[in-house]
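For reference, the structure is listed below as structure tokens.
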There are 2 protein chains.
Amino acid sequence: MSGDRRVRRTRRLIQEALVTLILDKGYDAVTVTDIIDRADVGRSTFYSHFTDKQDVLLSNLDELTVLHRSPADGGSDRLLAFSLPMFEHVREQERLVRALLGRRGGGPVHARGEQLLAAVVRDELLGAGARPSATLELLVVCVVGAFMGLLRAWLEGETTASPAELDAAFRAAVEPGVRAVLRESGNESPSHH
Amino acid sequence: MSGDRRVRRTRRLIQEALVTLILDKGYDAVTVTDIIDRADVGRSTFYSHFTDKQDVLLSNLDELTVLHRSPADGGSDRLLAFSLPMFEHVREQERLVRALLGRRGGGPVHARGEQLLAAVVRDELLGAGARPSATLELLVVCVVGAFMGLLRAWLEGETTASPAELDAAFRAAVEPGVRAVLRESGNESPSHH
DNA sequence: GTAGTGCCGAACAGAGTGTTCGGTTATGAA
DNA sequence: TTCATAACCGAACACTCTGTTCGGCACTAC
């Protein structure tokens, strides 16, 4: 492990304190003073590690490593392969994800999540034979929007559906459209072997 | 017109000031002091009309009356009929919508917009023969998510597509899936041949 | 063991919030 | 026009939160 043990300890205490507080009061209502009280850390110590509240929030994003899908799954010709594993992971990490991505989580993390997810979807569609174009970008936006919508609905408690059900709903909604677009745009040999 | 002219004037000045300031600096960065300076209104006056910043923001929502679609369009069997008019309206009211709904607009309006839109989509699907169910709700979430995604992308300047192109992308992405779901769920003898 | 690094915590200036209150001015009704 | 009313002004206030500084203490890594 890199660095001083005290440094790791302090950073971890601060991050955990923020997550707890967000779940309590929502991101906006949490103050730096709250955080250092909960983490039992000196004020100057906080500012020697993070510039502000949002900095702590974004620093947590590194824990969400699922977005980097395993690239060795070339065998599956299944479209939108990220969907089910993602929903499952979210349920496992429910507490953290709810704090970071929920309405109480305050936006910036949501934005970055969308970007990462958009990259995944774009790569997958390109791999499936689509051509880079403005139309493709709009399709990616729709797919990501639908997925994030489901994620948000679940985080908000609007639905109690299981990961498998969320995955099914996601596919039912967007897969036909995606396949239709691929059929038109992806010019040749969509199915090898 | 109901009420004192001074009241209308003051409220309007404050609302306009907030919109301008959001476009300048983003919602979070705007302070009440900023607003009353820009609106040239006394501090106590502000607090006699609104409780805080967000109150002003949400008060603006009444101007966005397009969401109440004209219910007399029963003739069109076109699915997702709200889409194109909405994209067009958004372009017309670009300044206001950008301030309220964009990433700079700060969330709460976005949430309410999603709710209103979800009601529209749900009604439309029910009218097209779908049955109320948890599955339908998830479909609605996906459709709304895709639409809001496109809206956001346009507001963020990620695309320069026209309303017609946005509408086309939206339909291409979700209409096949919606029709497929309707075919299964609304078991009401569609053209079976 | 010791040099160095991290932490403490109090104190501070600055900015923003929401309230109060006496005085001023515009408005709508008579 | 007159006039009671309601709205506005704006300064002042108590409060909270922010981000920085600094001397002294404690722990860690080597």
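Within every chain, numbering begins at 1; the chains are lettered A, B, ... in the order of the sequence lines, protein sequences first and strands thereafter.
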How long is the line joining CZ of Arg8(A) and P of dC27(D), in whole Å? 16 Å
Using a cut-off of strictly less than 4.0 Å, decide whether Thr10(A) has a side-chain nitrogen or oxygen near OP1 or OP2 of dC7(C). yes
Rounded distance in Å - NZ (Lys53(B)) to C1' (dA15(C)): 14 Å
Quick check: any donor-acceptor pair below 3.5 Å linking the side-chain of Thr33(B) to the base of dG16(C)? no
When you measure from the side-chain N and O atoms of Tyr47(B) to the phosphate of dT19(C), is any distance below 4.0 Å, counting only OP1 and OP2? no
Between CG of Asp52(B) and C1' of dT16(D) the distance, given in whole Å, is 16 Å
Can you tell me which nucleotide in dG19(D), dT17(C), dC17(D) comes closest to the side chain of Arg43(B)? dT17(C)
Atom pair distance, as rounded to whole Å: CD1 in Ile36(A) and C1' in dG19(D): 11 Å
Going by distance alone, is a donor N or O of one side chain under 3.5 Å from an acceptor N or O of the other, for Ser59(A) and Gln15(A)? yes
What nucleotide, of dT18(D), dC8(D), dT17(C), holds the atom closest to the side chain of Val32(B)? dT17(C)
For Ser44(B), report the nucleic acid contact type (base, sugar-phosphate, nothing); a contact means any heavy atom under 4.0 Å. base
Closest-nucleotide 5' rank along DNA chain C - winner of Val41(A) and Phe46(B): Val41(A)
How many whole angstroms separate atom NZ of Lys25(A) from atom P of dT16(D)? 13 Å
According to a strict under-4.0 Å criterion, is His49(A) in side-chain N/O contact with OP1 or OP2 of dG6(C)? no
Do the ring centers of Phe87(B) and Phe147(B) come within less than 6.0 Å of each other? yes
Is the phosphate of dC8(C) approached by Thr45(A) (side-chain N or O, under 4.0 Å from OP1 or OP2)? yes
Would you indicate what Asp34(B) reaches in the nucleic acid, counting non-hydrogen atoms under 4.0 angstrom: base, sugar-phosphate, or nothing? nothing
Looking only at dA7(D), dT17(C), dG9(C), the nucleotide nearest the Val7(B) side chain is dA7(D)
Protein-nucleotide distance (Arg9(A), atom CZ; dC8(C), atom C1'), rounded to Å: 12 Å
If two hydrophobic side chains count as joined below 4.5 Å and joins carry through other members, does Val97(A) share a cluster with Phe82(A)? yes
Could you tell me the separation between the CG atom of Asp4(B) and the C1' atom of dT25(C), rounded to a whole number of Å? 12 Å
Would you tell me whether Thr20(B) and Arg95(B) have side-chain atoms, one donor and one acceptor, within less than 3.5 Å of each other? yes
Send over the distance from Leu13(B) CG to dC9(D) P, rounded to a whole Å. 9 Å
Any idea which of dT18(D), dC7(C), dT27(C) is nearest the Arg5(B) side chain? dT27(C)
Judged by each residue's nearest nucleotide on DNA chain D, which is more toward the 5′ side, Ala29(A) or Arg11(B)? Arg11(B)
Side chain of Arg6(A): nearest nucleotide among dC8(C), dC8(D), dG6(C)? dG6(C)
Both conditions, 6.0 Å and 45 degrees, for the charged tip of Arg91(A) above the ring of Trp154(A): are they met here? no
Beyond-backbone contact of Leu18(A) with Ile22(A), side-chain heavy atoms, under 4.5 angstrom: yes
